[in-house]
Amino acid sequence: MTLSALPIENLVAALAPLLGPQGIITEAAGIERYTVDFWHQHKGTTPLVLRPDSTEAVAAIVREAARLGVAIVPQSGNSGLVAGGIPDGSGRQVVLSLERLNRIRAVDAAGGSLVAEAGCILADVQAAADGAGRLFPLSLGAEGSCRIGGNLSTNAGGVNVLRYGMTRQLVLGLEVVLADGRVWNGLRALQKDNTGYDLKQLFIGAEGSLGIITAAVLRLYPRPRERRTIWLGIESPADALRLLSLFQDHLGELISSFELIAGLGVEAANDHLPGGRRPLAEPHPWHLLIEVAWSLDGGLDVPVDRALEAGFDAGLVQDGTIAQNEAQRTAMWLIREGQSEATTKVGHVQRSDISVAIADLPALIARAEAHFGKLAPDVQLFPFGHVGDGNLHFNFLIPRDREGVPELRSLLNEHLMMLVAEFGGSFSAEHGIGRLKRGELERRKDPLELELMRRLKATLDPTGILNPGVILAAPDAPASREIS
Ligand SMILES: Cc1cc2nc3c(=O)[nH]c(=O)nc-3n(C[C@H](O)[C@H](O)[C@H](O)COP(=O)(O)OP(=O)(O)OC[C@H]3O[C@@H](n4cnc5c(N)ncnc54)[C@H](O)[C@@H]3O)c2cc1C
């Protein structure tokens with residue numbers, strides 16, 4: 001693609017002195033990775049990637065883009081799963097990568113806060129907090145590549161939501177470049193601030209459609225000193241819920257993760273994931289990965305043993321093991337995080353991200369098994385996810401040699417959304433809307449809520465240059481191309 005459209009040529013000319021050669025990519029080979037999503041399922045197109053390394057440079061880009069009417073797609077780690085961080089297929093959207101804006105500006109252990117720029121990799125923020133004797137609890141499978149700007153913009157969930165909440169609960173302040181290029185400095189570390197509307201919450205979860213997050217004050221927690229990571233083989237999702245209740249009776253708020261994984265996913269990881277080994281000797285229909293932790297030095301064994309004993313006595317646990325060291329803990333999490341990728345070695349994977357009331361999870365899974373057993377008997381279900389939050393990645397394994405895979409994907413998705421709606425659930429629990437779920441949003445969101453969302457967008461981005469086509473429809477915005 002060439003810089004044929006005049007406004008983009010002008011944009012490059014205006015920004016080149018400010019951004020320097022490292023800050024501008026125009027060759028196709030360099031641009032490629034910014035236009036394809038994590039699973040290589042969607043591809044957009046752009047003539048230009050801009051890589052500023054300061055808030056001032058981001059502001060200058062947005063000012064210039066606003067002046068020339070060029071649409072901007074902010075991108076941090078590009079691990080998002082709804083095609084919101086890649087450009088559409090028009091070739092008229094410019095990618096603004098935050099990856100060079102990656103300094104940790106301050107760590108305040110006593111005050112429990114850390115200031116990170118949008119391009120900081122999540123794992124680096126976790127390490128900085130740890131280095132100061134604190135915990136930044138956001139944790140997800142993509143933490144080695146996703147970045148704080150993306151985490152905030154998707155209001156990411158992950159494996160510790162049960163105890164620490166979603167990303168929006170981990171943020172004290174924000175710095176945001178607005179659609180006209182002005183910088184809103186809301187970088188306050190105040191735990192309490194009831195001075196009108198909580199503006200930062202508008203930008204969190206907005207997927208780059210209302211402003212560009214350049215830095216954030218993040219909330220830190222006491223670092224756990226003692227932790228137990230437990231793997232259980234169980235018979236059914238109903239037993240998983242009974243165990244959740246039982247663990248809560250014995251361990252209360254000390255439970256940080258309570259993850260359910262279908263046997264199919266565990267076996268795929270066991271067979272196909274490099275270094276992946278099932279923690280239990282035998283296969284089981286379902287597995288639980290549970291983590292509990294506290295900030296005291298010892299004493300966790302007693303309540304953990306009691307919870308496990310109660311689980312075995314009630315006949316809810318078929319087999320179980322506790323990680324004895326960090327290597328075993330890592331091996332357990334490797335299976336949890338890697339099973340989704342491992343299943344791609346077995347067939348085509350259709351992914352989803354739904355939630356229902358926690359109590360409804362077993363009924364939803366049973367209903368889905370019966371429904372899809374009839375609709376597509378050759379397709380296997382392997383739900384997994386954050387059962388403690390009522391959030392499942394309800395995934396399907398489609399035989400490798402199946403014909404009509406794209407049509408089948410749509411059918412599976414449509415029927416799953418129908419079932420989830422029957423249970424009053426959400427069609428996007430933690431991944432957001434992006435470009436992929438925009439139709440779903442339009443179909444399923446309350447019209448008044450949609451109207452309020454459109455009015456917010458029109459107020460904060462009146463010329464529509466910020467991530468057009470993401471969350472809400474934009475005039476003339478072709479979707480990114482499906483490439484699998
Ligand atoms: C293996 C794997 C596991 C995952 N597990 C989870 C999980 O457990 N829970 C979960 O919630 N998600 C999960 N995800 C999804 C993804 O990692 C998260 O959505 C993550 O928060 C995205 O961060 P990112 O930096 O990659 O964002 P990107 O993909 O770069 O962007 C995501 C969205 O935010 C916008 N954006 C990015 N940066 C900015 C900015 N600075 N200002 C304004 N808008 C911006 C983009 O335009 C886009 O709309 C997983 C993904 C993978 C690949």
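Not measured: the values here are computed from a predicted model. Counting convention: from 1, in listed order, for ligands and their atoms alike.
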The salt bridge (charged side-chain N to carboxylate O under 4.0 Å, His left out) partners of Arg100 (sequence neighbours excluded) come to Asp53

Under 3.5 Å, is there a donor-acceptor pair linking the side chains of Thr229 and Glu291? yes

Next on the checklist: Could you check whether Arg438 pairs with Glu207 (Lys NZ or Arg NE/NH1/NH2 to Asp/Glu carboxylate O, under 4.0 Å)?
Outcome noted: no

Expected contact list for ligand 1 at under 4.0 angstrom, heavy-atom basis, is Phe38, Pro74, Gln75, Ser76, Gly77, Asn78, Ser79, Gly80, Leu81, Gly84, Gly85, Leu98, Ala118, Leu140, Gly141, Ala142, Cys146, Arg147, Gly149, Gly150, Asn151, Ser153, Thr154, Ala156, Gly157, Gly158, Glu207, Gly208, Gly211, Ile212, Ile213, His386, Glu430, His431, Asn467

*State whether the number of non-hydrogen atoms from other residues, nucleotides or ligands found under 6.0 Å of Glu449 atom CD is greater than 12.*
yes

Quick note, salt bridge (charged side-chain N to carboxylate O under 4.0 Å, His left out) partners involving residues 260-274, not counting sequence neighbours, are Glu267-Arg278

Salt bridge (charged side-chain N to carboxylate O under 4.0 Å, His left out) pairs touching residues 345-357, sequence neighbours excluded, are none

